[in-house]
Amino acid sequence: MRYNFVVSKLYCTLATCPPLLLGRIVGGYTAAPNSIKYIVSLQSTRGQHFCGGSLVHRYWVLTAAHCNIGAEHMMIVAGDYIVNTFEGTEQYAKPHRLVTHPLYNRSTNDADIMLIKLRAPMVLNKYVSLAPLPRQGTGVVEGRVCRVSGWGYNSLGGGQARFTLRTVTVPIVSTARCNSSESFNGNITANMICAGYRTGGKDACKGDSGGPLVCGGRVYGVVSWGNGCGDAKFPGVYTAVSKFRRWIDQTIYGSYLRCTRY
């Protein structure tokens, strides 16, 4: 199978993942409390974190399409730092609807991007802010150092421990190198960005799916998939947000823009 190495970075349960695949940001460090104010935790209705996301509008969250487990099973948490520990800074919202990109391909992970409209708006404060996005079609050059963050899990003991937001910096890898026969062998599409060190060791991992890859203060990537985590031959693969900026704006503001024309 052509895509049998595709590993999404959605958190899987202890029942479905071998222990070595469970992990979180690889080779990174704990973020300063509430320093990444636009990141949100996607949680099950039981409070189990399974994906990350970015708040791009008070009513809207940007994440990965493969994080779609159904609106009725989700809770969005903003202002969080240690998941599963109430700190008084959190805001909770149920999804109103999930908008997966119409070109999303589950087999190839192409167009792995989704918007979540919230039932109630998040309140912007010193713990919660909006994520700036790049303009349509703008790229990031090879070697540019960007930052990926998340709460991916590494609990092996059947319960959930306290997990603090972690972050790591990784350089952009050219599509040519990422698509080489030594790496992903042509499976990186124009809608994807690769990032990681030639030596490996730093990457997003399970549970970080949907989270932000930030370059120069803007969310250029959404954690999507990879071949393991931190492998020197296989950089992390991210959805290229700039390829979808027009779709994002049309989804969020489309009805409003249509109304204001009259």
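Values in this document were obtained by computation on a predicted structure and should not be read as measured data.
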[Y] backbone acceptor or donor facing [X] side chain under 3.5 Å:
X: Thr63; Y: Gly53; answer: no
X: Asp208; Y: Gly152; answer: yes
X: Asp110; Y: Asn105; answer: no
X: Ser54; Y: Val56; answer: no
X: Asn84; Y: Phe163; answer: no
X: Ser44; Y: Gln48; answer: yes
X: His49; Y: Gly207; answer: yes
X: Ser183; Y: Ser180; answer: no
X: Arg58; Y: Pro121; answer: no

Could you measure the distance from the [atom1] atom of [X] to the [atom2] atom of [Y]? Nearest 0.5 Å is fine.
X: Lys243; Y: Leu103; atom1: NZ; atom2: CG; value: 13.5 Å
X: Ile188; Y: Ser174; atom1: CD1; atom2: OG; value: 11.0 Å
X: Tyr127; Y: Thr89; atom1: OH; atom2: OG1; value: 6.5 Å
X: Tyr29; Y: Lys202; atom1: OH; atom2: NZ; value: 8.5 Å
X: Asn187; Y: Asn179; atom1: CG; atom2: CG; value: 7.0 Å
X: Leu98; Y: Asn68; atom1: CG; atom2: CG; value: 5.0 Å

**OP:** Give the intermediate values and the outcome of side-chain contact (heavy atoms from CB on, under 4.5 Å) for residues Cys146 and Thr169.
**Re:** CA-CA 5 Å; Cys146 304; Thr169 54; over 6 Å; no
Original post:
Can you name the ring pair (Phe, Tyr, Trp, His ring centres under 6.0 Å) partners of Tyr38, sequence neighbours left out?
Top reply: none
Under 3.5 Å, sequence neighbours excluded: what are the donor-acceptor pairs made by side chains of residues 73-81?
residue: Tyr81; atom: OH; partner: Ala31; partner atom: O; Å: 2.5

Subject >> His66 side chain to Ser224 side chain, donor-acceptor N/O pair below 3.5 angstrom >> reply: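 On atom types as modelled, these side chains do not qualify, holding no pair under 3.5 Å.
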Original post:
Between the side chains of Ser41 and Gln43, is a donor N or O closer than 3.5 angstrom to an acceptor N or O?
Top reply: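 Checked: Ser41/Gln43 side chains pair up, N/O donor to acceptor below 3.5 Å.
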Minimum-distance pair of heavy atoms, taken over all atoms of [X] and [Y]:
X: Leu115; Y: Ile248; answer: CD1-CA, 3.9 Å
X: Gly236; Y: Asp203; answer: CA-OD1, 3.5 Å
X: Asn125; Y: Gln91; answer: ND2-NE2, 3.4 Å
X: Leu42; Y: Gly52; answer: CD1-O, 3.8 Å
X: Trp247; Y: Pro102; answer: NE1-CD, 3.8 Å
X: Pro134; Y: Val241; answer: CD-CG1, 4.1 Å

With heavy-atom distances below 4.5 Å as the criterion, would you say the side chains of [X] and [Y] are in contact?
X: Ile172; Y: Leu213; answer: yes
X: Leu55; Y: Ser129; answer: no
X: Val168; Y: Arg147; answer: no
X: Tyr253; Y: His57; answer: yes
X: Thr239; Y: Asn191; answer: no
X: Pro212; Y: Val148; answer: no
X: Val214; Y: Tyr220; answer: no
X: Val128; Y: Lys37; answer: no

Subject >> Member of Ile113, Asp112, Thr251 meeting the side-chain contact (heavy atoms from CB on, under 4.5 Å) criterion with His101 >> reply: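 Of the listed options, the one satisfying the test is Ile113.
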**OP:** List the steps, then state whether side-chain contact (heavy atoms from CB on, under 4.5 Å) holds for Tyr238 with Met192.
**Re:** CA-CA 5 Å; Tyr238 303 80; Met192 300 174 187; over 6 Å; no
Treating Ile, Leu, Val, Met, Phe, Trp and Tyr as nodes and any side-chain heavy-atom pair under 4.5 angstrom as an edge, say whether [X] and [Y] lie in one connected cluster.
X: Ile116; Y: Tyr92; answer: no
X: Val61; Y: Ile69; answer: yes
X: Val237; Y: Val173; answer: no
X: Trp60; Y: Val222; answer: yes
X: Tyr104; Y: Ile193; answer: no

More than 12 non-hydrogen atoms from neighbouring residues, nucleotides or ligands closer than 6.0 Å to [atom1] on [X], yes or no?
X: Arg177; atom1: CZ; result: yes
X: Tyr197; atom1: OH; result: yes
X: Lys233; atom1: NZ; result: no

Original post:
Can you check whether Tyr59 and His96 have ring centres sitting under 6.0 Å from each other?
Top reply: no
**OP:** Please find out if less than 6.0 Å separates the ring center of Trp225 from that of Phe184.
**Re:** yes
Original post:
Hey, mind stepping through Met122 and Leu118 against side-chain contact (heavy atoms from CB on, under 4.5 Å) and telling me if it holds?
Top reply: CA-CA 8 Å; Met122 296 294 185; Leu118 307 177; 3.8 Å; yes
Original post:
Yes or no on side-chain contact (heavy atoms from CB on, under 4.5 Å) for Ile25 and Thr167, after CA distance, side-chain angles and deciding distance?
Top reply: CA-CA 6 Å; Ile25 291 288; Thr167 188; 5.9 Å; no
Original post:
What pairs with Arg245 under salt bridge (Lys or Arg N to Asp or Glu O under 4.0 Å), at least two apart in sequence or on another chain?
Top reply: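 Arg245 satisfies salt bridge (Lys or Arg N to Asp or Glu O under 4.0 Å) with Asp249 only.
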